[in-house]
Novice: 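Quick one: this structure, given as C-alpha cells, is what I'll be asking you about.
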Amino acid sequence: MSVRVRFAPSPTGKVHIGNIRTAIFNWLFARHEKGEFLLRVEDTDRERSTQEAIDALFACMSWLGLDYDGEIIYQASRTPAHLEAAQKLLAENKAYYGKAADGEKAPLLFRIPLNADDIPAVRTVGPAEIEIAPEQPVQISAAGVSFAIISRKGNPTPAEGCLAGFKDLKVLGNDGSCQFDLAANWGAVVGGQEFTVENGVRLAFTRREVFYQDMIKGELAKPLDSMKDQVIVRSDSTPIFHLANVCDDCYQNITHIIRGDDHVENTYRHILLFHQLGYPIPQYAHLPMIVNQQGKPYSKRDGDAFVGDFRSKGYLAEALFNYLTLLGWSPGDDREKMTKAEMVESFRLERVKSAPAQFDLNKLQNLNGMYIAEMASADFLAWAAGFAAEYQVPADTSSRQFADVALLMQSRTRQAENIREWGYFFSDEFEYNDKAVKKQLGNDAIRFGLEHFKSALATVLEFAPAEAEQLIRSTEKAVGLDEGKLNQPLRLAASGVTSGADIGSTLAMIGKEKMTGRIDRLLAHFNRIIAEA
RNA sequence: GUCCCUAUCGUCUAGAGGCCUAGGACACCGGGUUUUCAUCCCGGCAACGGGGGUUCGAAUCCCCCUGGGGAUGCCA
C-alpha cells in the first residue's frame with residue numbers, strides 16, 4: 001500500500017514553529033516515499049478554532065511550499081461519523097456509559113478490550129505483583145481496579161487501571177491468603193457488580209502490555225494495568241479528540257502517523273481503538289519537541305515562535321524550511337544547506353533524533369544569509385523593497401538608486417533588519433558613531449585631508465567608484481597621509497558608521513554634491529563634540 | 001507522586017564495540033584576502049553528565065544516580 005500521511009493541526013492559534021516542523025517532516029516523508037500528504041483541520045474545538053487561524057495556517061504552508069494532496073478535511077464536519085463509530089463500539093460492547101455527573105448525561109467510555117490476548121498489539125509480559133497500602137480498600141468494577149500504591153517515600157498514592165489490565169487478579173492479604181479472585185467473579189464484575197476488598201497488601205496478576213515499533217523511538221510498550229478506559233463521547237454528546245482523530249485516520253486511510261512526542265502516551269490507546277474499530281494499525285513515528293533558547297518548551301509567551309513572524313522578520317521560506325529540517329534530523333553526512341530535492345531524497349524517519357532540540361536563532365540567521373546571498377538580483381530587490389518602509393529607508397523602492405544600493409548590500413544582508421542600515425544612501429539624516437568620530441578625526445592631518453578631499457571633489461567631472469577611490473588616493477598623497485588613512489573618516493562622513501560596502505562604491509553612490517555637504521557636516525559635528533567634552 | 005522517553009562542544013549534530021588523541025556546522029577568538037565592512041581562505045577555543053558493570057577493548061551494550069522532556073483531562 002502506498003504511503004499516506006497527514007498533518008492535522010487544530011486551528012486554535014497561530015501556527016507555531018513546532019507544529020510546522022511536524023508538517024515538514026510529514027511532507028518530507030510523503031515526498032520521499034512518493035506517497036500522499038493530506039491535510040486535516042481538527043477544528044472540533046468550536047470555542048477556540050478561528051477562521052483567522054485557518055487562513056494563517058494555509059498562508060504559512062504555501063509560503064513554505066508544503067503542498068498537500070487531495071481535499072482538506074474539516075474534522076468538525078465529520079462529527080456524525082465519529083458519533084456513529086461510537087455507537088458501533090457501544091453496540092459491540094467495546095464501549096460503555098460511565099457515571100453521570102449531577103444532572104448530566106453519562107459520558108461514553110472506550111473499554112480497553114477485555115479479550116486483549118486476541119490482539120496482535122498486546123502481549124503477555126508475565127506474572128506481576130504490586131504492593132499496595134492496606135489501609136486503602138481495593139475497588140473492583142467494570143470500570144477498572146482502583147487501589148493505593150506505596151510511593152518511594154512510603155506514602156499511599158492512589159492508582160487505578162482498567163479491568164483488562166487485571167484479568168486474573170488476586171488480591172492478597174497480609175498472610176498471603178487470597179482476599180479476592182477476579183477470575184472467579186469475572187462474570188459478576190463485567191455484569192456491573194462492584195467489589196470492595198479490605199486489607200489487601202498485594203495485587204498479583206499476569207501483566208500484559210500494548211506494544212508497537214516506533215519508527216523513531218524503537219519498540220515502546222505500556223502495561224494494560226497502567227491504562228484507563230477513556231471517555232470518547234462527552235456528556236454533551238460531542239466526540240473527544242482521540243475518537244475523532246482515530247476515526248479520521250481510518251477514514252483517510254492513513255498509513256503512517258508522524259506527530260509530536262507529546263502523543264506517545266496516547267498511542268497505546270489509539271492502537272486499541274484502531275483495532276476495535278476494525279482498521280489496520282498504522283505505523284507511528286514520534287518527533288522530539290523543539291525547545292526555545294532558554295531550553296524550555298515553547299509556550300504562548302514565546303511570541304517569536306509563530307511561523308508568520310519569521311516571514312515578516314525577513315527569513316526566507318527556504319532558509320526556515322532547511323533550518324527546521326535540521327532540528328532533530330540530519331542526512332548522516334556533513335551536508336547542511338540542502339535543496340528541497342536533496343532533503344526529500346535523503347529523508348529517513350529512522351534518522352530522526354529522539355531527544356528535544358533547542359532552537360538556535362544564530363544558525364537560522366546564518367543559513368538565511370546564505371540563501372539571501374544567492375538570491376537572483378530581481379528576487380532580492382523585490383524582497384528588500386518589501387521591507388524598506390518598515391525599516392525607515394526613505395527611498396523610492398522602484399528607483400534605479402534603490403536597486404544599486406540593494407545589490408551593493410546584498411552580500412551583507414542576513415535578515416531584513418539589516419536593511420535599516422541602508423538609510424544613509426537616501427537621506428542626510430543619520431546619527432554618528434561618536435566614539436568612532438573622535439577616534440578618526442582626532443588627528444589634524446585627517447581633518448585637513450577631509451577638507452582637501454572636499455575641494456578636490458569640486459574639480460572632478462566623473463565620480464564613479466574607480467574615480468572616487470582614485471581621488472581618495474591622490475588626496476592622501478597630496479596631504480602626506482598613508483594610503484587608506486582617509487577611508488574610515490570618509491565613511492563616517494558618508495554614513496556615520498564604520499562599516500559598509502567598499503568605499504569607492506559607497507561614495508560614488510551618494511554622489512559629489514551630497515558628499516561635499518556631508519564632509520562639512522561631519523567636521524562641524526566633530527567640533528561640537530570636542531567642545532562639549 | 002507515578003509511568004514513559006531522553007542525555008556527545010554554548011547550540012544543531014556525526015558516531016550503531018576497535019577507524020575517536022571524538023568529525024562537521026553555527027556562535028566566539030585569532031590570522032590572511034578585501035587599503036574599510038561583508039563574502040572567502042587558514043587556524044584556535046570547546047563535548048562523550050556522574051558512578052558502577054560487561055569486554056582484551058565502550059561515546060557506543062547493561063544497571064544505578066543526576067539533569068532535561070513528555071504523560072498522567074468529559075483539552076487537542
Side-chain angles (χ1 to χ4, degrees), chain A residues 8-12 42-45 47-49 75 98 100-101 104-109 149-153 155-159 214 216-218 220-223 226-228 230-242 244-245 260-266 268 286 288-289 291 293 295-297 323 326-337 351 353-367 369-370 373 408-414 418 421 469 472-473 476 482-492 495 497-504 506:
Chain A
S10 56
T12 53
E42 301 209 328
D43 56 350
T44 47
D45 187 335
E47 292 293 301
R48 296 190 297 147
S49 297
Q75 191 161 62
E104 298 202 30
K105 253 183 78 183
L108 187 70
L109 293 276
I149 57 161
I150 298 162
S151 75
R152 212 185 323 205
K153 284 181 182 156
N155 303 319
T157 308
D214 193 285
I216 293 169
K217 293 180 167 293
L220 258 24
K222 185 179 176 74
S226 71
M227 296 174 69
K228 291 195 299 191
Q230 161 84 36
V231 172
I232 50 174
V233 179
R234 299 185 187 89
S235 308
D236 66 0
S237 301
T238 56
I240 273 223
F241 159 75
H242 303 285
N245 189 264
D261 233 353
D262 49 336
H263 281 298
V264 282
E265 297 289 322
N266 293 331
Y268 308 99
H286 287 96
M289 305 305 248
V291 297
Q293 286 173 97
K296 294 288 163 199
Y323 177 70
L326 259 18
L327 233 38
W329 177 83
S330 81
D333 49 44
D334 287 341
R335 285 177 300 160
E336 291 201 331
K337 183 167 177 295
R351 286 202 56 83
K353 292 262 291 189
S354 191
Q358 188 173 332
F359 192 89
D360 181 11
L361 201 58
N362 267 327
K363 188 137 183 164
L364 205 213
Q365 278 175 3
N366 178 269
L367 211 45
M370 284 160 73
L408 184 63
M409 302 303 280
Q410 181 170 358
S411 74
R412 61 211 87 210
T413 304
R414 279 157 59 100
N418 297 138
E421 295 147 25
E469 193 160 335
I472 302 173
R473 298 292 86 85
E476 284 163 349
D482 288 342
E483 283 204 344
K485 289 288 184 203
L486 238 28
N487 282 351
Q488 289 299 67
L490 280 167
R491 180 180 300 285
L492 278 169
S495 68
V497 294
T498 53
S499 72
D502 81 88
I503 191 71
T506 303

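Letters go in sequence order (proteins before strands), and every chain restarts at 1.
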Novice: Looking only at non-hydrogen atoms, find the nearest pair between A/A106 and A/G98 and report the distance.
Specialist: CB-O, 3.2 Å

Novice: Does any N or O donor sit under 3.5 Å from an N or O acceptor when you compare the side chain of A/Q230 with the base of B/G73?
Specialist: no

Novice: Find the partner of B/C3: check Watson-Crick (N1-N3 plus N6-O4 or O6-N4) and G-U wobble (N1-O2, O6-N3) distances, both under 3.5 Å, and reply none if neither fits.
Specialist: B/G70

Novice: Between A/D360 and A/I150, who's closer to the 5' end of RNA chain B by nearest nucleotide?
Specialist: A/I150

Novice: If only side-chain N and O atoms of A/R152 are considered, is one of them under 4.0 Å from the OP1 or OP2 phosphate oxygen of B/G1?
Specialist: no

Novice: Please pick, from B/G24, B/U36, B/G69, the nucleotide with the shortest atom-to-atom distance to any side-chain atom of A/N487.
Specialist: B/U36

Novice: Using the C1' atom in both, what is the distance from B/G15 to B/G23, to the nearest Å?
Specialist: 9 Å

Novice: Quickly work out the A/L220 CG to B/U6 P distance and round it to whole Å.
Specialist: 7 Å

Novice: Checking all strands, does A/K228 fall into the base, sugar-phosphate, or nothing category for heavy-atom contacts under 4.0 angstrom?
Specialist: sugar-phosphate

Novice: Identify whether any heavy atom of A/E336 sits under 4.0 Å from a base atom; if not, whether one sits that close to sugar-phosphate; answer base, sugar-phosphate or nothing.
Specialist: base

Novice: Provide, to the nearest angstrom, the distance between the NZ atom belonging to A/K337 and the C1' atom belonging to B/A25.
Specialist: 14 Å

Novice: Any side-chain heavy-atom pair from A/K105 and A/D236 closer than 4.5 angstrom?
Specialist: no

Novice: Base, sugar-phosphate, or nothing: which does A/G369 touch, judged by heavy atoms less than 4.0 Å apart?
Specialist: nothing

Novice: Looking only at atom C1', what distance separates B/A76 and B/A22, rounded to whole Å?
Specialist: 42 Å

Novice: What's the gap between B/C65 and B/C29 when it is taken at their C1' atoms, as a whole Å value?
Specialist: 37 Å

Novice: Scan A/S235 against the nucleic acid and name what it touches under 4.0 Å (heavy atoms): base, sugar-phosphate only, or nothing.
Specialist: base

Novice: Test for a donor-acceptor pair under 3.5 Å between the base of B/C3 and the side chain of A/S226, counting only N and O atoms.
Specialist: no

Novice: Using a heavy-atom cut-off of under 4.0 Å over every strand shown, decide if A/R335 touches base, sugar-phosphate, or nothing.
Specialist: nothing

Novice: Assess, by modelled atom type and distance only, whether the side chains of A/N245 and A/E42 contain a donor and an acceptor separated by less than 3.5 Å.
Specialist: yes

Novice: Would you measure the distance from the C1' atom in B/C41 across to the matching atom in B/C5 and give it in whole Å?
Specialist: 44 Å

Novice: Considering just the side-chain nitrogens and oxygens of A/R414, establish if one lies under 4.0 Å of OP1 or OP2 belonging to B/A27.
Specialist: yes

Novice: Counting heavy atoms from C-beta on, name the nucleotide in B/U6, B/G23, B/C74 closest to the side chain of A/S354.
Specialist: B/U6

Novice: B/G53 and B/A14: how far apart are their C1' atoms, nearest whole angstrom?
Specialist: 28 Å

Novice: Between atom CD in A/Q488 and atom C1' in B/U34, what is the gap in whole Å?
Specialist: 13 Å

Novice: Using atom P in both nucleotides, what's the gap between B/U11 and B/C28 to the nearest angstrom?
Specialist: 16 Å

Novice: From CG of A/N362 over to P of B/C28, roughly how many Å is that when rounded to an integer?
Specialist: 6 Å

Novice: To the nearest Å, how far apart are A/N366 CG and B/C28 C1'?
Specialist: 13 Å

Novice: Between B/C62 and B/G17, how many Å separate the two C1' atoms, rounded to a whole number?
Specialist: 14 Å

Novice: Of the nucleotides B/U11, B/U6, B/U35, which has the atom closest to the A/E469 side chain?
Specialist: B/U35

Novice: Any luck finding a side-chain donor-acceptor pair between A/T238 and A/R234 under 3.5 Å?
Specialist: yes

Novice: Where do A/Q358 and A/L327 come nearest, in terms of heavy atoms and distance?
Specialist: O-CD1, 3.9 Å

Novice: Hey, which of these two, A/I149 or A/S499, hits RNA chain B nearer its 5' end, going by closest nucleotide?
Specialist: A/I149

Novice: Using a cut-off of less than 4.0 Å, is there contact between a side-chain N or O of A/S330 and OP1 or OP2 of B/A14?
Specialist: yes

Novice: How close or far is atom P of B/G73 from atom CZ of A/F241, stated in whole angstroms?
Specialist: 15 Å

Novice: Students often get this wrong, so: under 4.0 angstrom with heavy atoms, is A/L490 touching a base, only sugar-phosphate, or nothing?
Specialist: nothing

Novice: Answer yes or no: side-chain N or O of A/E483 and base N or O of B/U35 forming a donor-acceptor pair under 3.5 Å.
Specialist: yes

Novice: Identify whether any heavy atom of A/I503 sits under 4.0 Å from a base atom; if not, whether one sits that close to sugar-phosphate; answer base, sugar-phosphate or nothing.
Specialist: base

Novice: Distance between the C1' atoms of B/U60 and B/G18, in whole angstroms?
Specialist: 11 Å

Novice: Can you name the nearest heavy-atom pair linking A/S226 to A/P223, along with the distance?
Specialist: OG-O, 2.8 Å

Novice: Figure out the NZ/C1' separation between A/K353 and B/A14, and round it to whole Å.
Specialist: 9 Å

Novice: Under 4.0 Å: is that the gap between some side-chain N or O of A/K222 and OP1 or OP2 of B/A71?
Specialist: no

Novice: Given B/A38, is OP1 or OP2 found less than 4.0 Å from the side-chain N or O atoms of A/R491?
Specialist: no

Novice: Can you name the nearest heavy-atom pair linking A/N487 to A/E476, along with the distance?
Specialist: N-OE2, 4.1 Å

Novice: Base, sugar-phosphate alone, or nothing: which one does A/H263 contact when heavy atoms must sit under 4.0 Å apart?
Specialist: base

Novice: In terms of heavy-atom contacts, does NZ of A/K485 have more than 12 from other residues, nucleotides or ligands at under 6.0 Å?
Specialist: no

Novice: Which nucleotide in the list B/C12, B/C74, B/C75 gets nearest to the side chain of A/Q358?
Specialist: B/C12

Novice: Looking only at the side chain of A/R48 (C-beta and beyond, no hydrogens), which of the listed nucleotides B/G1, B/G69, B/C75 gets closest?
Specialist: B/C75

Novice: Taking OH from A/Y323 and P from B/U13, how many angstroms apart are they, rounded to a whole number?
Specialist: 8 Å

Novice: Quick check on B/A16: is either OP1 or OP2 less than 4.0 Å from any side-chain nitrogen or oxygen of A/R351?
Specialist: no

Novice: NA contact type, A/A357, heavy-atom cut-off 4.0 Å: base, sugar-phosphate, or nothing?
Specialist: sugar-phosphate

Novice: So what does A/N266 touch, heavy atoms closer than 4.0 Å: a base, only the sugar-phosphate, or nothing?
Specialist: base

Novice: Would you kindly say whether A/D261 and A/H286 are connected by a side-chain donor-acceptor distance under 3.5 Å?
Specialist: no

